[in-house]
**Student:** 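Here you go, one structure.
Letters A, B, ... mirror the listed sequences (proteins, then strands); counts begin at 1.
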There are 2 protein chains.
Amino acid sequence: MPTPLEKARKDPDSMKARILAKARQVFGQYGYHGATTRMIADEVGIDISTLYYHWGEKRDLYEAVILDVNEDLRIKLAEVEDIVHGRPMAERLDISLDIMTDYLFERPEISNLVLFRYFGKTRDEAIMDLSLPEFVSDIACASGLVPTRKNVPNHIKMRVVAMMNLMHSFVSGEDFFRSLFGIERDEYLALVKQTLKFILIPAFATDGRNGGTRCP
Amino acid sequence: MPTPLEKARKDPDSMKARILAKARQVFGQYGYHGATTRMIADEVGIDISTLYYHWGEKRDLYEAVILDVNEDLRIKLAEVEDIVHGRPMAERLDISLDIMTDYLFERPEISNLVLFRYFGKTRDEAIMDLSLPEFVSDIACASGLVPTRKNVPNHIKMRVVAMMNLMHSFVSGEDFFRSLFGIERDEYLALVKQTLKFILIPAFATDGRNGGTRCP
DNA sequence: CGAATTTTCCATCAAATGATGGAAACATTG
DNA sequence: CAATGTTTCCATCATTTGATGGAAAATTCG
C-alpha cells in the first residue's frame with residue numbers, strides 16, 4: 001500500500017499533491033512555526049479541515065514535504081551525475097554548478113527548507129529528529145572528490161557541505177541580496193553563477209580524480 | 001535621552017540587558033515565530049509582563065536584538081580591520097577568518113539571526129522592512145578587495161556575501177553537521193577553519209590590493 | 001521614616017492556531 | 001436508482017500566544 005506521499009507524487013493533480021505543493025512553498029518561506037495550516041489551506045483554496053483530512057497533523061505534512069524535497073534532490077543529483085561523469089574536474093564543476101543553480105532558482109523552496117533544517121530549531125522534538133540522508137557522500141563522489149561513496153573523510157564532506165551551503169544561501173537569499181544590490185533576477189542569477197565559479201573552481205579544480213568512470 | 005537599547009548596552013546587569021541577552025539566544029535558535037515571549041521570560045526567570053514592561057511588543061524586542069547584534073558585529077569588524085590592515089592578502093584572509101570564526105563560534109546566535117534575516121520571511125511586514133547596514137562594502141574594503149568603501153561593484157559585493165554566508169552557515173549548522181560527521185566541537189571548529197581557508201584563499205589570494213593603508 | 005517612583009508579578013483577555021466531529025456534497029459501484 | 005464509500009466544508013474546541021490592568025513589592029529620595 002502506497003504512503004500518502006507516494007500517492008501524491010504519482011498523481012500531481014490530486015488534492016494531496018496540490019496541498020503538498022503549496023505546503024512546500026509556505027513552509028519554505030516562513031519556516032515550520034511561521035507557517036500555519038490555515039495559510040496553506042488558503043493558498044490551495046480549500047477549507048482547513050480538508051487539509052487535515054489528507055495529511056493529518058501539521059508535523060506529518062511537514063515531514064512529507066521534507067521527504068518530497070529529498071526525493072526531488074536525489075533524482076536531480078543522479079541526473080547531474082549522468083551528465084558530468086567522465087569529464088575533467090573543472091568542467092564537471094562548471095556544468096554541475098550551472099545545472100544545479102538553474103534548478104534551485106526555479107524551486108527556491110528547496111534551498112529554504114534545507115537551510116531551515118540546518119540552522120533553525122523547532123519546538124517540536126519529533127521534527128528535529130527527522131533524520132534523512134544528506135547526499136553529502138554521494139555528491140563528494142559524483143563531483144569526483146573521492147573515488148567511492150564509502151568512507152568519505154570528514155574534510156572532504158566539509159568541502160561538499162560548503163559548496164551546497166553557498167549555493168543554497170544564494171538561492172534562498174535572492175530577495176534580500178537583490179534588493180541589497182538593486183538588480184534584477186537575471187542579473188542576479190548570472191552573478192551567482194559567476195561568483196560560485198570564481199570561488200569554487202580555483203579550490204577544487206586541481207583536486208580530486210578527473211575523468212574516470214561513474215560513481216560506484 | 002538614551003534608547004532602551006543604549007541603556008541595556010551600557011548596563012549589562014540591568015533587567016533590560018538580561019532580557020535582551022536571552023532574547024538574542026531564543027530568537028536565534030527558533031526564529032521570530034518559533035520564539036515566544038514566554039520562552040524568553042522563562043529563560044530569564046521573570047514573569048512575562050516584566051518583559052513587556054521593559055521592551056514593549058515582541059517586534060520591538062526583536063528589533064532591539066537585531067540592532068544589538070549589528071552593533072556587536074560593527075565593533076568586531078573594526079577590530080579585525082585594525083589587526084590585519086597593511087598585511088598581504090593571503091595573510092589578511094588567514095587572520096580574519098581565524099578571528100571571525102572564533103568570535104562567531106562563541107556567539108552562534110549572531111550567525112543564526114543573520115541567516116534568519118536573509119532567508120526567512122515573517123508574517124509581520126514591519127519586521128521584514130527593518131533594513132540595516134550589512135557591512136558588505138566595509139568588509140570588501142577591509143579585506144582589501146577594493147581600495148575604498150564607496151562604489152563597490154556588485155561582483156565584489158557578491159564575493160563578500162559568499163564569504164560571510166559560508167562562515168555563518170558553518171557556525172549556525174554546528175549541531176547539524178557535527179552530528180552528521182560524528183565529531184566534537186574542537187574538531188569541528190578546526191575543520192571549519194581549514195575548509196574556509198582551503199576554499200577562500202585560492203580564489204582571493206591573488207586578488208585585491210595588498211598592504212597599503214587603512215580603509216578610508 | 002514616608003511619599004513618590006519604579007519594578008515585578010498575578011490574573012486575565014482577545015486573537016491566533018492546531019485539531020476534530022458531523023453533516024452535506026460528491027463519486028463509485030452493484 | 002439506491003447503497004456505499006469518499007471528499008469537502010461548517011461549526012466548534014482547547015491550547016497557545018501576544019498583550020494589558022492593577023495590585024503588591026521594591027527602590028529612590030526628600
Side-chain angles (χ1 to χ4, degrees), chain A residues 1-8 10-23 26-27 29-65 120-128 130, chain B residues 1-4 6-8 10-23 26-27 29-65 121-128 130:
Chain A
M1 61 205 111
T3 65
L5 177 57
E6 285 164 356
K7 277 193 213 169
K10 201 153 73 180
D11 181 3
D13 291 329
S14 66
M15 183 55 77
K16 274 192 176 49
R18 286 169 52 208
I19 295 171
L20 189 68
K22 290 294 184 185
V26 178
F27 278 128
Q29 287 182 306
Y30 295 94
Y32 182 75
H33 292 294
T36 71
T37 49
R38 275 177 179 77
M39 287 168 66
I40 298 168
D42 286 349
E43 283 286 313
V44 184
I46 57 171
D47 188 272
I48 183 178
S49 53
T50 302
L51 183 149
Y52 279 91
Y53 169 76
H54 284 284
W55 288 105
E57 296 182 12
K58 182 185 185 183
R59 181 202 309 159
D60 293 334
L61 175 56
Y62 186 75
E63 183 171 342
V65 164
K121 283 191 183 170
T122 306
R123 297 194 307 251
D124 186 334
E125 286 294 328
I127 284 186
M128 298 304 294
L130 221 188
Chain B
M1 62 204 109
T3 66
E6 284 164 356
K7 277 193 214 168
K10 200 154 74 180
D11 181 2
D13 290 329
S14 66
M15 183 55 77
K16 272 190 177 51
R18 285 170 53 208
I19 295 171
L20 189 69
K22 292 293 184 185
V26 178
F27 278 128
Q29 286 182 307
Y30 295 94
Y32 182 75
H33 291 296
T36 70
T37 48
R38 275 178 178 78
M39 286 167 68
I40 298 168
D42 286 350
E43 282 287 312
V44 184
I46 57 171
D47 187 272
I48 184 178
S49 52
T50 302
L51 183 149
Y52 280 91
Y53 170 78
H54 283 284
W55 289 104
E57 296 184 9
K58 182 184 184 185
R59 182 200 309 159
D60 293 334
L61 175 56
Y62 187 74
E63 183 172 343
V65 165
K121 284 190 183 170
T122 306
R123 285 179 332 234
D124 188 333
E125 288 293 328
I127 285 185
M128 296 305 294
L130 222 189

**Student:** Grab the CG-C1' distance between A/Asp47 and C/dT20 for me, whole Å please.
**Tutor:**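 Atom-to-atom, A/Asp47 to C/dT20, this comes out as 12 Å.
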**Student:** Just to verify, what does A/Asp124 make a salt bridge (charged side-chain N to carboxylate O under 4.0 Å, His left out) with, not counting sequence neighbours?
**Tutor:**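 Checked A/Asp124 against salt bridge (charged side-chain N to carboxylate O under 4.0 Å, His left out); matches are A/Arg59.
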**Student:** Is the shortest heavy-atom distance from the side chain of B/Lys7 to the side chain of B/Asp11 under 4.5 Å?
**Tutor:**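 With C-beta onward as the side chain, the pair stays apart.
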**Student:** Determine the contact category for B/Ala41: base if any of its heavy atoms lies under 4.0 Å from a base atom, sugar-phosphate if only primed atoms, P, OP1 or OP2 are that close, otherwise nothing.
**Tutor:**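 No contact at all - B/Ala41 keeps every heavy atom at 4.0 Å or more from the nucleic acid.
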**Student:** Rounded to whole angstrom units, what separation is found between the CD1 atom of A/Ile46 and the P atom of C/dA25?
**Tutor:**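 One finds 19 Å between P of C/dA25 and CD1 of A/Ile46, rounded.
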**Student:** Considering just the side-chain nitrogens and oxygens of A/Arg123, establish if one lies under 4.0 Å of OP1 or OP2 belonging to D/dT17.
**Tutor:**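 So the side chain of A/Arg123 is within the cut-off, an N or O lying under 4.0 Å from OP1 or OP2 of D/dT17.
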**Student:** Are any of the side-chain heavy atoms of A/Ile46 and A/Ile19 separated by less than 4.5 Å?
**Tutor:**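 Counting from C-beta outward, A/Ile46 and A/Ile19 do come under 4.5 Å.
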**Student:** Between D/dG18 and B/Thr37, is there an OP1 or OP2 to side-chain N/O distance shorter than 4.0 Å?
**Tutor:**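 The answer is yes; a side-chain N or O of B/Thr37 sits under 4.0 Å from OP1 or OP2.
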**Student:** State whether the side chain of B/His33 and the backbone N or O of B/Arg123 hold a donor-acceptor pair below 3.5 Å, judged by distance alone.
**Tutor:**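 Looks like yes, one N/O pair under 3.5 Å.
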**Student:** Side chains of A/Val44 and A/Met15: closer than 4.5 Å at any heavy-atom pair?
**Tutor:**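 A/Val44 reaches A/Met15 side chain to side chain.
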**Student:** Check the distance between C/dT8's P and B/Ile48's CD1 and give it to me in whole angstrom.
**Tutor:**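 That distance rounds to 15 Å.
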**Student:** Would you call the rings of B/Tyr32 and B/Tyr62 parallel, tilted or perpendicular, where under 30° means parallel and over 60° means perpendicular?
**Tutor:**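 Perpendicular: the ring planes of B/Tyr32 and B/Tyr62 meet at over 60°.
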**Student:** Please report the distance, rounded to the nearest Å, between OH in A/Tyr30 and C1' in C/dA16.
**Tutor:**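 The distance from OH of A/Tyr30 to C1' of C/dA16 comes to 16 Å, rounded to the nearest Å.
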**Student:** Rounding to a whole Å, what distance do you find between A/Tyr32:OH and D/dT16:P?
**Tutor:**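 Rounding to the nearest Å, OH of A/Tyr32 and P of D/dT16 are 14 Å apart.
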**Student:** Taking for each residue the nucleotide of DNA chain C with the nearest heavy atom, is it A/Thr36 or B/Arg18 whose nucleotide lies nearer the 5' end?
**Tutor:**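 On the 5' side of the pair lies B/Arg18.
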**Student:** Which residues, if any, of residues 50-60 of chain A bring a heavy atom under 4.0 Å of DNA chain D?
**Tutor:**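 Heavy-atom contacts with DNA chain D come from A/Thr50, A/Tyr53, A/His54.
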**Student:** B/Met15 CE to D/dA25 P: how many Å, rounded?
**Tutor:**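 It is 17 Å, rounded to the nearest whole Å.
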**Student:** In whole Å, I'd like the distance from the NE2 atom of A/His33 to the C1' atom of C/dT17.
**Tutor:**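 Taking NE2 of A/His33 and C1' of C/dT17, I get 13 Å after rounding.
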**Student:** So B/Ile40 and B/Leu61, do their side chains get closer than 4.5 Å, heavy atoms only?
**Tutor:**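 Yes, at least one pair of side-chain atoms sits under 4.5 Å.
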**Student:** Rounding to a whole Å, what distance do you find between A/Arg38:CZ and D/dC10:C1'?
**Tutor:**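 After rounding, the gap between these two atoms is 13 Å.
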